[in-house]
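Input: a single structure, listed below in structure tokens.
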Amino acid sequence: MLFRAEWCNRSIKMSEGQRAMIPEYDYAQIEKKWQKRWEETALYKVNLSDVERKLYCLVMFLYPSGDRLHIGHWYNYAPTDTWARFKRMQGYNVFEPMGYDAFGLPAENYAIKHGVHPAMSTNQNIENIRQQLKVMGAMYDWSCEIDTSKSEYYKWTQWLFLQLYKNGLAYRKKAAVNWCPSCQTVLANEQVVDGACERCETQVIQKDLEQWFFKITDYAEKLLQGHATIDWPEKTIAMQKNWIGKSVGALISFKVAESADIIDVFTTRPDTLFGVTYMVLAPEHPLVDKLTTAENRPGVQEYILQTRKTKEIDRLSTERDKTGVFTGSYCINPVNGEKIPIWIADYVLATYGTGAVMAVPAHDQRDFDFSIKYTLPIRQVIRKNGGDDKQTLEAAYTDAGVMMNSAIFDGLNSEVGKVRIVEWLKERKSGQEKINYKLRDWLISRQRYWGAPIPILFCEQCGEVAVPEEDLPVLLPENVDFTGRGVSPISTAADFVQTVCPQCGGPARREVDTMDTFVCSSWYFLRYVNPALLDKPFDQQRVNDWLPVDQYVGGAEHAVMHLLYARFVTKVLHDLGHIDFDEPFKRLIHQGIITNAGAKMSKSRGNVVNPDKFIDELGSDTFRMYMMFMGSYEDGGDWSDEGITGIHRFLKRVWRLVWQIHLERPTGAESDKFARVLYQLHYAIKHATESLERFHFNTAISRLMELVNESYLYIQDVDAASQNARLYSEVMPTLVQLLAPFCPHMAEELWAVLEKKYSVIDQQWPVHDEKMVELNTINLGVQVNGKIRGQIQVAADAADAEIIKAALAHDKVRLYTEGKELVKSIVVPKKLVVFAVK
RNA sequence: GCCGAGGUGGUGAAAUAGGUAGACGCACUGGACUCAAAAUCCAGCGUUCGCAAGAACAUGCGGGUUCGAUUCCCGCCCUCGGCACCA
């Protein structure tokens with residue numbers, strides 16, 4: 001403590017002349033200079049044929065809806081680039097590409113409004129964005145850039161469509177689909193959020209349309225199983241699981257009374273079959289019309305009309321009262337021959353299971369509510385283990401238990417009963433096991449212009465015909481009318497629509513819808529490793545060498561869209577023999593969201609933080625580093641104008657430190673105080689490395705700050721003549737290397753200041769010496785009955801008995817232990833000594 | 001309602017996950033340098049009581065396990081994401 005007080009009176013020991021020689025930290029000039037040099041020397045060009053120690057680090061590519069990078073882009077890209085740089089310094093051949101998901105609505109809407117062709121505005125945006133990305137200083141290999149709106153790319157998106165089509169995984173059907181009245185197009189289920197369009201928040205309506213689907217449901221099970229093989233955030237996997245919505249149960253057939261018709265129902269509770277007291281069909285169920293008796297017809301028709309209306313207005317509210325109406329018909333419970341009424345109700349979904357449900361009011365809350373409302377019978381068939389069977393139910397009992405009122409199955413555990421009843425039904429051909437999924441097929445048609453045309457045509461003779469692969473790409477016509485009126489704009493390009501059938505040579509017309517842009521992004525990671533390939537979408541060998549992606553980083557909002565689609569497409573290509581792997585992204589991390597004043601940034605709120613301003617005023621090194629320092633990467637955080645000055649200050653502090661030591665080079669051999677610097681150096685290497693590995697950038701930076709702080713104390717405490725020479729030869733170069741992933745421009749400059757060979761990124765990442773982070777003497781806290789009462793200093797290798805003895809000798813500890821019975825004494829290695837007394 | 005994540009100083013946040021809570025920043029306070037300011041360097045800084053030594057209280061709230069809990073268990077309260085009548 002004494003010598004600290006001395007320091008207060010000392011400023012940095014330098015002559016005025018030397019001080020004047022430390023140049024200003026001119027970030028603008030430095031950043032520009034090194035960006036130019038990196039480009040000239042092709043420093044970030046990756047040799048893709050070298051696959052030994054390959055590492056594919058990928059960020060979700062860019063959607064160029066505007067011409068500037070926003071803070072979310074920076075937060076995704078800059079820290080990931082830091083991680084990639086770190087890995088490169090660790091000796092990996094890191095491939096870090098960037099590209100553009102360039103098709104999509106904003107460009108088209110812009111065209112409708114301003115009359116600028118989407119290709120023009122998109123190219124312009126990409127042009128600007130590319131410059132900005134270069135300012136960020138990321139080590140993208142620009143020779144591998146891709147643009148999904150270029151025919152060289154979408155030719156292969158169309159190829160992908162054809163592979164799915166040929167294998168029965170792409171099909172067309174008429175269905176009630178989600179329609180966004182504002183975007184004037186259909187949407188996939190995944191793109192509907194709370195009943196509204198994911199993009200523009202307009203309420204989505206249902207429309208019956210003939211549309212293209214990808215059969216993702218065929219892959220439901222594989223998509224679930226693959227989760228076990230990937231290192232992804234738990235919550236993302238949970239979201240996908242939930243979205244796929246697997247449930248195991250049975251399909252049970254009920255004969256319609258006095259008819260040959262059969263109603264199949266899906267249930268997860270075959271054990272409650274004896275408790276069925278009525279049957280419910282969705283209003284859209286195909287048998288509804290047939291089952292409705294003459295006297296019930298007016299009521300049923302009225303009900304169907306009404307549900308259609310409510311569904312569009314208010315289908316969101318789950319707390320809505322359940323409604324329904326009796327059809328007049330009955331069906332027979334296969335297990336006991338009981339005749340039960342058939343109702344229709346809109347709490348039954350037409351699109352899930354069979355669109356019909358066996359109602360067990362005693363053991364399903366929805367059926368319970370419904371039966372109370374319409375005074376339908378409630379029959380308990382499961383009771384709680386050890387429970388009394390004469391209770392009246394006040395709510396449905398939905399747990400497992402013991403079967404009752406179930407004839408020969410009485411007394412069975414309901415879990416066993418599930419299996420037995422299905423066996424019983426199977427023998428009589430009225431039921432079987434069944435697994436259902438909530439997942440629906442992926443609707444990929446879009447009635448918009450700016451997308452990849454679907455490579456299908458309709459021939460008067462042959463019907464639906466796939467465009468032969470050798471005729472790809474089906475080029476997007478350039479001259480179209482952007483009506484924005486719900487018809488596919490390319491239908492206005494007559495010479496596009498009218499074509500010739502490749503099979504019979506007769507007249508045919510082309511499909512005028514384009515593909516969902518999520519199709520473009522479902523395979524782009526395969527294209528990056530061979531972006532210029534002309535005759536194939538990808539080179540099989542190259543792709544198998546480089547994929548799966550080792551580290552993928554992007555927003556959590558894509559959990560059930562892009563991330564599910566990409567997995568699906570990968571699995572399909574795997575099954576078709578195009579690739580060896582069946583998961584695209586081995587390890588995934590989601591960056592958090594940067595808010596401003598506690599709210600999500602948005603133009604409408606007017607709280608958008610503009611990165612450009614900070615890059616002008618403080619430099620991109622400061623900006624990117626602050627993004628990493630502000631909080632934990634996966635949590636994101638709230639923007640602060642004040643916080644960023646702390647990082648800028650730190651960078652200037654590093655700048656002056658390195659320069660000063662460079663100018664007044666230590667040549668001495670002082671070792672006592674230098675030991676602390678060395679300790680801090682190795683401590684920083686160790687912990688920064690561990691933190692970086694896990695994307696914990698904030699704590700990694702903290703360790704570097706500690707090292708800088710310790711170095712400052714040293715050069716002030718020890719006069720220049722005796723300062724240890726290793727400060728210059730070892731500590732400063734290592735510090736610069738540790739900084740290189742975070743602030744690549746400044747590190748490159750300081751590396752040059754230290755007269756080291758270009759480039760710092762090609763240096764081996766420092767490795768700590770474990771001996772250096774072990775202290776000879778350590779401080780232990782001494783706890784008596786859970787409270788810290790003192791500190792002792794002991795040799796690091798002291799025996800427990802010795803430590804306890806020293807601890808008991810401590811004045812304060814004696815105060816609390818003397819005269820009392822010592823019940824327990826524990827030594828927690830390198831941490832503390834614990835006493836329990838009575 | 002269900003599934004996830006979280007609640008820590010004035011403030012952004014740490015804590016290798018049972019072991020000395022608050023590392024590292026920001027803000028603030030004091031000192032050095034300066035004619036002065038800025039910049040820079042050094043130091044202090046959870047709350048309450050105390051001149052101090054120290055003591056008590058502190059990780060959303062209430063219980064529990066333990067010598068010891070931000071960390072584990074039980075019950076609540078908030079905040080943020082996701083799902084939403086899925087039989």
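Throughout, a chain's letter reflects where its sequence line sits, starting with A, and its residues are numbered from 1. The shown structure was predicted, so the numbers you read here are calculated from the model rather than taken from an experiment.
- Counting non-hydrogen atoms of other residues, nucleotides and ligands closer than 6.0 Å to CD of A:E24 gives a total of 12 or fewer.
- The shortest distance between the side-chain N/O atoms of A:Q716 and the OP1/OP2 oxygens of B:C42 is below 4.0 Å.
- Ranking B:A13, B:U20, B:A23 by closeness to the A:N698 side chain, first place goes to B:A13.
- Counting any heavy atom pair closer than 4.0 Å across all strands shown, A:Q791 reaches a base atom.
- With both pairing distances under 3.5 Å, B:G4 is matched to B:C80 as a Watson-Crick or G-U wobble pair.
- A:K812 has a side-chain polar atom (N or O) that falls below the 4.0 Å cut-off from OP1 or OP2 of B:A55.
- B:G62: Watson-Crick or G-U partner is B:C74, with both key distances under 3.5 Å.
- With hydrogens and angles disregarded, no donor-acceptor distance shorter than 3.5 Å links the side chain of A:Y25 to the backbone of A:L651.
- Considering A:F650, A:W639, A:F614, A:F697 as possible partners of A:Y626, the one that fulfils the ring-ring contact (aromatic ring centres under 6.0 Å, His included) test is A:W639.
- The side chain of A:L713 approaches B:A43 more closely than any other nucleotide in the set B:C67, B:C26, B:A43.
- The pairing partner recorded for B:A55 is B:U48, the criterion being a Watson-Crick or G-U wobble arrangement whose two distances lie under 3.5 angstrom.
- With a 3.5 Å ceiling on both atom-pair distances, the Watson-Crick or G-U wobble partner of B:G19 is B:C67.
- Taking side-chain N and O atoms only, A:K824 has a distance below 4.0 Å to OP1 or OP2 of B:C67.
- Listed candidates were B:G25, B:A15, B:C83. Nearest to the side chain of A:K438 is B:C83.
- Residue-to-nucleotide contacts include no donor-acceptor pair under 3.5 Å from the side chain of A:E557 to the base of B:G81.
- Contact annotation: A:R694 does not reach the phosphate of B:U16 (side-chain N/O to OP1 or OP2, under 4.0 Å).
- Residue-to-nucleotide contacts include no donor-acceptor pair under 3.5 Å from the side chain of A:E642 to the base of B:U11.
- Closest contact between the side chain of A:R649 and the listed nucleotides B:A27, B:A39, B:A55 involves B:A27.
- Rounding to whole angstrom units, CD1 of residue A:I594 and C1' of B:C80 are separated by 15 Å.
- Following rounding to the nearest Å, A:Y352 (OH) and B:A84 (P) show an atom-to-atom distance of 13 Å.
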### Task
With side chain to side chain contact (heavy atoms under 4.5 Å, CB included) as the test, would you mind laying out the steps for A:I594 and A:W74 before giving the verdict?
CA-CA 10 Å; A:I594 304 294; A:W74 271 86; over 6 Å; no
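- Across all strands shown, the partner of B:A43 is B:U29, judged by Watson-Crick or G-U wobble contacts whose two distances both fall under 3.5 Å.
- Within the structure, a side-chain polar atom (N or O) of A:N709 is placed less than 4.0 Å from OP1 or OP2 of B:G25.
- Between the A:T645 side chain and the A:D641 main chain, no donor and acceptor come within less than 3.5 Å of each other.
- Nearest nucleotide to the side chain of A:M705, out of B:A87, B:A55, B:G25: B:G25.
- Of the candidate nucleotides B:U20, B:U40, B:A27, B:U40 has the atom lying nearest to any side-chain atom of A:K652.
- Between A:S640 and B:U11 there is no side-chain N or O to OP1 or OP2 distance below 4.0 Å.
- When distances are taken from the side chain of A:Y347 to each of B:C85, B:C24, B:C42, the shortest belongs to B:C85.
- The nucleotide B:C35 finds no pairing partner, because no Watson-Crick or G-U wobble arrangement with both distances shorter than 3.5 Å includes it.
- Nucleotide B:C85 forms no Watson-Crick or G-U wobble pair with any nucleotide shown, as no partner meets the under 3.5 Å limit on both distances.
- In this structure, OH of A:Y626 is placed 13 Å from C1' of B:C24, rounded to the nearest angstrom.
- Ranking B:A87, B:C67, B:C85 by closeness to the A:A836 side chain, first place goes to B:C67.
- When rounded to the nearest whole Å, the span between CH2 of A:W639 and P of B:U11 equals 21 Å.
- Rounded to whole Å, atom C1' of B:C2 lies 20 Å from atom NZ of A:K246.
- A:F370 and A:Y347 have tilted rings, their planes meeting at an angle from 30° to 60° on a 0 to 90° scale.
- For A:T699, taking side-chain heavy atoms from C-beta onward, the closest of the listed nucleotides B:A15, B:C67, B:A87 is B:A15.
- Geometric assessment of A:R567 against the ring of A:W243 yields a negative cation-pi assignment under the 6.0 Å and 45° thresholds.
- For B:C80, the OP1/OP2 oxygens have no side-chain nitrogen or oxygen of A:K235 closer than 4.0 Å.
- Spacing between atom CD of A:Q793 and atom C1' of B:U20 amounts to 14 Å, rounded to whole angstrom units.
- Checking B:A87, B:C41, B:G25 against the side-chain heavy atoms of A:R653 singles out B:C41 as nearest.
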